[in-house]
Each structure stands twice: as C-alpha cells, then as structure tokens.
Amino acid sequence: ETGVTQTPRHLVMGMTNKKSLKCEQHLGHNAMYWYKQSAKKPLELMFVYSLEERVENNSVPSRFSPECPNSSHLFLHLHTLQPEDSALYLCASSQPGSTTNEKLFFGSGTQLSVL
Amino acid sequence: LAKTTQPISMDSYEGQEVNITCSHNNIATNDYITWYQQFPSQGPRFIIQGYKTKVTNEVASLFIPADRKSSTLSLPRVSLSDTAVYYCLVGLSGGGYNKLIFGAGTRLAVHP
C-alpha cells in the first residue's frame, strides 16, 4: 500500500467512448503526476500538477484531459482514444524536498485497452 | 538532466548478491542518484537514494565512487520476488516537483 489509490484497475473502452481515470493520494503531498507506460517501453511523463496547478504537459494529445480539483485528487479524462493509447496509466505523488529529489509514490495503475 | 546507461537485463539465482551498475558520466555537482523497482503491472517503488560514498537501508545498498560517474545498486541474497525492472535516475528536482525521466531500466530475472 503506497498511499496512492487508482481506479479502475482495468478499463476496456471503444474509440468513441468517454471515460475517466481517478487517482487519490492520502499522503498530504503537493504534487501529482500522470505517466503512461506502453508495453515494453519506459514510463512517459504526461502531466504534472503542483499545488493544483498544471506545471508540465509533455505534448500530450488533447484527447487526454487532466483535472486536479484539489491536492488529493487527480483525474484523467479520456475521449475518442486510439488503439495505440492502450497502456498502463500510472498516477504518482510527491512532496517537495529541499536538497534531495522528491520520492515518487505510485499507484498500481489502470490497465487501459482501447478497442 | 544527466543521461544514464544501465544493462538491459540480468539473470541471477536465489541467494546470490546482485549488483546493477548505472553509468552517468555527465552527472552534475548537485545531482542525486535514485533507484526504483517496478513489478509487472504495478507502479515503480522507491528503493534508495544517495549523493556519494555508500548508502544502505533494509532493502539495498548503493555504492557511489568518488568521481560519481557511476553507481551500483547491490541487492543482497536475492529471492524470486526480487524479479523486477530496476531504474536508475540521476538529477536534481526543483520547482516543487520531480522532473526526473525514467529510462528503460534493467530487467532482473531471479531463478530458483
């Protein structure tokens, strides 16, 4: 148990569907992240929120829309996805550090399949 | 951000010590070295972090030579449950969040 909970664990959706992934952290952290991990590929950072403000958007297509209503919750809204978007989507959180790199705490991820 | 190079894969047997080396020739003065472990279909988990010399915790040891151009993650007496991907990240976060990039990592397979 990492203190970061993601739902659902598995999701199958068609290309015309709209769905949302949810992430909740119980660690009191100020930063939250969305990563994408395709099969046999490294993690790709998608979005970063710091103090509920989006600070990173790594050229992610507009069919992925993040939302951070407060520092404990993070959503990823999905619409008109493509089969190549099938991947493991991971949420993480961290607390700003002063002299060392902030440790990332990851959830278990949502395994997404787009048909 | 410093570029890292680690072996793509390694094999070991239960009870052996495993050492995974990461090269980071262009590490900056203020950079830290951090290692994560990832099991299939799960998020990575922080293992250990260090700046120089040696760091040890209940899970692993991290050895960093004086020039800091490489680091070695040491896992004592591995078991089958240590089969995972291990990532070496080098850099210094700032601005209130972690900007470090995950590479391909090292796939460790532990055999009976």
Side-chain angles (χ1 to χ4, degrees), chain A residues 1-6 9-10 23 25 27 29-56 58 68 71 74 87-113, chain B residues 1-9 22 24 27-52 55 57 59-60 62 64 68 71 84-107 109:
Chain A
E1 178 57 54
T2 64
V4 180
T5 304
Q6 288 187 244
R9 285 285 281 129
H10 302 274
C23 177
Q25 58 98 357
L27 302 168
H29 289 168
N30 289 337
M32 295 189 76
Y33 311 70
W34 279 117
Y35 287 85
K36 173 185 177 184
Q37 188 172 35
S38 303
K40 302 290 178 70
K41 289 187 178 181
L43 281 79
E44 301 171 50
L45 180 62
M46 300 174 72
F47 302 103
V48 183
Y49 278 82
S50 178
L51 296 172
E52 301 159 41
E53 189 175 324
R54 193 190 308 179
V55 293
E56 289 272 344
N58 287 332
C68 187
S71 60
L74 185 66
L88 180 67
Y89 288 85
L90 291 160
C91 172
S93 71
S94 71
Q95 184 66 17
S98 56
T99 59
T100 63
N101 291 321
E102 298 92 345
K103 298 175 189 177
L104 292 166
F105 291 78
F106 285 85
S108 296
T110 295
Q111 186 66 54
L112 174 67
S113 297
Chain B
L1 296 174
K3 178 178 168 56
T4 60
T5 303
Q6 21 177 159
I8 293 176
S9 63
C22 178
H24 28 82
I27 187 169
T29 303
N30 296 328
D31 286 349
Y32 279 76
I33 301 158
T34 310
W35 286 79
Y36 286 83
Q37 173 193 57
Q38 185 181 24
F39 298 115
S41 299
Q42 292 188 30
R45 179 178 75 111
F46 172 90
I47 300 177
I48 199 165
Q49 182 178 104
Y51 181 79
K52 63 180 179 181
V55 180
N57 61 24
V59 177
L62 179 59
I64 306 168
R68 304 201 326 122
S71 59
V85 179
Y86 292 83
Y87 299 96
C88 166
L89 284 75
V90 174
L92 178 65
S93 301
Y97 61 97
N98 191 320
K99 303 175 187 175
L100 300 188
I101 297 172
F102 284 81
T106 297
R107 290 185 177 274

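Lettering follows sequence order; numbering is per chain, from 1. These values consider heavy atoms only, across backbone and side chains, with no hydrogens, waters or symmetry-generated copies.
- Shown here are the side-chain contact (heavy atoms from CB on, under 4.5 Å) partners of A/Leu112, two or more places apart in sequence or in another chain: A/Leu11, A/Met13, A/Leu78, A/Leu81, A/Tyr89, A/Val114.
- Residue B/Leu89 holds its CG atom at 9.5 Å from CG of A/Leu43, rounded to the nearest 0.5 Å.
- Looking at A/Leu90, the atoms closer than 4.5 Å to chain B (heavy atoms on both sides) all sit in the side chain, from C-beta outward.
- By number of non-hydrogen pairs under 4.5 angstrom with chain A, the leading residue of B/Gly105, B/Pro44, B/Ala104, B/Gly43 is B/Pro44.
- Taking chain B as the reference chain and counting heavy-atom pairs below 4.5 Å, the highest number among A/Val4, A/Val48, A/Leu45 is found for A/Val48.
- Rounding to the nearest 0.5 Å gives a distance of 7.5 Å between OG of B/Ser41 and NE2 of A/His10.
- For A/Gln6, no part sits under 4.5 Å from any heavy atom of chain B, backbone or side chain.
- Only the side chain of A/Glu56 comes within contact range of chain B, with at least one heavy atom under 4.5 Å from a heavy atom of that chain.
- For the atom pair CD of A/Glu44 and CZ of B/Phe102, the computed distance is 13.0 Å after rounding to the nearest 0.5 Å.
- Not counting sequence neighbours, B/Phe39 has no partner by the ring pair (Phe, Tyr, Trp, His ring centres under 6.0 Å) test.
- Taken to the nearest 0.5 Å, the NZ atom of A/Lys103 stands 10.0 Å off from the CD1 atom of B/Ile48.
- In this structure, CZ in B/Phe46 is found 10.0 Å from CG in A/Leu104, a value given to the nearest 0.5 Å.
- B/Tyr51 does not touch chain A: none of its heavy atoms, backbone or side chain, sits under 4.5 Å away.
- With a threshold of 4.5 angstrom between heavy atoms, A/Phe105 does not approach chain B through any atom at all.
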